[in-house]
Asker: 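Okay, here's the structure, questions in a sec.
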Amino acid sequence: MRVYDNLNPMQQEAVFHTEGPVLVLAGAGSGKTRVLTHRAVYLIEEKGVNPWHVMAITFTNKAAGEMRERIDKLVGYGSESVWVSTFHSTCVRILRRYIDRLGYGTNFTIYDADDQKVLMKDICKRLNIDTKVYKEKSFLGVISSAKDELVSPEEFTLRAAGDFAREKQAAVYREYQAELRKNNALDFDDLIVKTVELFQSDAEVLENYQERFRYIMVDEYQDTNTAQFYLIKLLAGKYRNLCVVGDDDQSIYKFRGANIKNILNFEEIYPDARVIKLEQNYRSTGNILSAANLVIANNVGRKAKELWTENEEGEKIDFGQYENGYEEAEHIVGDIQKKVREGRYQYGDCAILYRTNAQSRLFEEKFVVSNIPYRIVGGVNFYARKEIKDLLAYLKTIDNGMDDLAVRRIINVPKRGIGAATLNRVQAYAEEQGLSFYNALRMAEEIPSIGKASIKIRAFVNFIQTMRSKVEFLDVSQLLQEIIEETGYVAELEAEGSDEARARIENIDELISKVVAYEESEETPTLGGFLEEVALVADIDSLQEGSDYVVLMTLHSAKGLEFPNVYLAGMEDGIFPSYMTIISDDPSDIEEERRLCYVGITRAMKDLSITCAKQRMIRGETQYNKVSRFVKEIPRNLLGGMVRQQETRAEAQEPSGQSFRQTASKVKPVFSTRNAYQPKAYKSNSFASSSTDKITLEYTNGDRVRHMKFGEGTVTQIVEGGRDFEVTVDFDRVGTKKMFASFAKLKKV
DNA sequence: GTTAGAAACAATCCT
DNA sequence: TGTTTCTAAC
């Protein structure tokens, strides 16, 4: 029992109590992942449970990957049969096997937010809905919430009777669902909903999985929505060995349908549940933890618990208010630079957290100019970029001919001279004949009044048919290469020659390497398998530990992570808590923001800095914001830095006509970096790349190279340092800069 | 049918 | 400020 000796008594109880329902209320940094992994190990090694019967379910691939790794390390034999997966991947796996019992094809496609929007637009047009009055997005929101709550189109319709607006939504929902079925596609929410439907309608399938998953563990239980709740309830229905781990204080996904009652009422649904609280925090210093406790204490209706730690008090929390967002960013970047220079931290120890993705831009500019390696998590997903979606649409079309959306996306990309008028005729014909869009294309010659366009369509169809016939013989990567060749997609971009086109080509190269990586990681790689993986990756999944770059992300993305040195930026009323929650008439909205703040504070291990700005540009307008109310909930004695004067201070003054640079010096505290803010030279076009390949340089001393931001220049020096190169370049426009090759992405010209 | 430039418009957070 | 949609001219 050696492994378990490192656990504290509460953790041990959670690990050893294997039979029946268990609720583990695990505060931030209290070692819940350790509990989960050790529990899996205990089941297998001490209780003799077949690994095959053990399931651990999470929300992100990253969390699942970490858990898998740790279980593999601890379990001697058979750990690979433990089912460790996310909710969505789990459901996809089940549906790929059995969804034909619900009348879908098992090669269904998964629609992302973009696809949903395109589809919805189409539906609104068809139902004669004025999208100026009723927005597509609001319909999608309504549908998504309905699905989170397991409300079917039929039930929605019943409930809507008598209410004009609701009836309209019901009609849209019905149409939307019918269209998905026609395209043999599922949206994200459907993955869960359809699995629950399957279990409810097919006792044989349910029984099959109940038998398999005799011991179930659920991570981040406070984030589950109603559909996920039923999914778990059904699965655990037979053996009832269900262990859920969560923290009501970290419930921050109400907007996504998370139902906090799932965790708050667990004991009512499972009266025999054992409840275990983990309250010792191993992550943060005393000061940081006190701040977190005092902030969250302002919420009402929580499960009583208070974190404590044996760690030392540590540094005070550094607070600073700055004139504007630029100075805030400058200070933070300067502070990181300083701490790294002093050897206190590496770049990889530092994280900047903010409320909205838009806030990342200012930091990015500073990092680029300062030549500090950084990585932004979130924002536009790699797989949502135009060029990537185009190529994926080709693969999808080859994989599933019923996915009209994919076909429409690429039929005229690259330009084939097939225009809207022609497509409308094809569409009409398809509807008339009850064909899918693609099948209508195949019969182009039959379609009246389509004329010469049918020749162009024929060429496209032939291409797709040829590719389909090759699926069996070619690897996915070969398939992709051939698509790129035959369509001339990259060639067209090369011809264009703009910076943007070059960036796109880089992305396409990265897509190719991702395909190759997929083929290497999988025993039996398939086209469908790749598309599936792509549909389910989140940006956070690609964050790898041990890489030395500063990480920037939203507070939401940061949940579950920890960093030695954390910055909470933009702590202003109106930003955090957000404007939306301040004007909301539901007071619980503010509480959710406060929980988000709690999550943010508890990410920090040793150093925490809180910053805000007096004025800030939001969508071209200057806003003047007060210091966040959450900051005021932290007592002064825990704060260091330039604090005090701010609290009594009234609103910021009128903006003078001066530029930011000039007003800067008078308020700028501590670390005034020498380089004043430089206006950006070009449109920022940096793409954070996740490739980890060992780099080789395509240029040497004296070569001409191009940098995304600095333009062209001449290489004057290359110094090898570890697994990277430090390159010195004399740029035509901005002078000499030193940078790391892996980060600067220099291109030989 | 395609393109570029102008006008309109937008309010977090995400698997 | 940044992105999407509309319009007009090729």
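The structure displayed is predicted, hence computed values, not measured ones. A note on names: the letters A, B, ... follow the listed sequences, proteins ahead of strands, and every chain is numbered from 1.
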Asker: Would you say A:Lys194 and A:Tyr104 make side-chain contact, with heavy atoms under 4.5 Å?
Answerer: yes
Asker: Would you call A:Glu593-A:Arg355 a salt bridge at under 4.0 Å N-O?
Answerer: yes
Asker: Checking A:Arg616 against A:Tyr624: charged group under 6.0 Å from the ring centre and within 45 degrees of the axis?
Answerer: no
Asker: Would you say the rings of A:His556 and A:Phe255 are close, in the sense that their centroids are separated by under 6.0 Å?
Answerer: yes
Asker: Using the C1' atom as the reference point in each nucleotide, state the distance between C:dC6 and B:dA11 in Å, no decimals.
Answerer: 23 Å
Asker: Under the side-chain contact (heavy atoms from CB on, under 4.5 Å) criterion, do A:Tyr518 and A:Glu533 qualify, and how do the steps go?
Answerer: CA-CA 9 Å; A:Tyr518 163 77; A:Glu533 193 171 289; 3.4 Å; yes
Asker: Pick the P atom in C:dT4 and in B:dC13, then give their distance to the nearest Å.
Answerer: 14 Å
Asker: Yes or no on ring-ring contact (aromatic ring centres under 6.0 Å, His included) for A:Phe363 and A:Tyr374, after CA distance, side-chain angles and deciding distance?
Answerer: CA-CA 9 Å; A:Phe363 294 105; A:Tyr374 69 96; over 10 Å; no
Asker: Give each protein N/O atom lying under 3.5 Å from an N/O atom of nucleotides 1-4 of chain B, with the pair distance.
Answerer:
{"from": "B:dG1", "atom 1": "OP1", "to": "A:Thr422", "atom 2": "OG1", "distance (Å)": "2.9"}
{"from": "B:dT2", "atom 1": "OP2", "to": "A:Asn412", "atom 2": "ND2", "distance (Å)": "3.2"}
{"from": "B:dT3", "atom 1": "OP2", "to": "A:Lys415", "atom 2": "NZ", "distance (Å)": "3.3"}

Asker: Using the six-membered ring of A:Phe437, assess whether NZ or CZ of A:Arg408 lies under 6.0 Å from its centre and within 45 degrees of the ring axis.
Answerer: yes
Asker: Would you list the pairs meeting ring-ring contact (aromatic ring centres under 6.0 Å, His included) in which at least one residue belongs to residues 570-603 of chain A, sequence neighbours left out?
Answerer: A:Phe576-A:Phe630
Asker: At under 4.0 Å between heavy atoms, which parts of nucleotides 9-15 of chain B does protein reach? Answer with one letter per nucleotide, 5' to 3': B base, S sugar-phosphate only, - none.
Answerer: -BBBBBB
Asker: Identify whether any heavy atom of A:Lys121 sits under 4.0 Å from a base atom; if not, whether one sits that close to sugar-phosphate; answer base, sugar-phosphate or nothing.
Answerer: sugar-phosphate
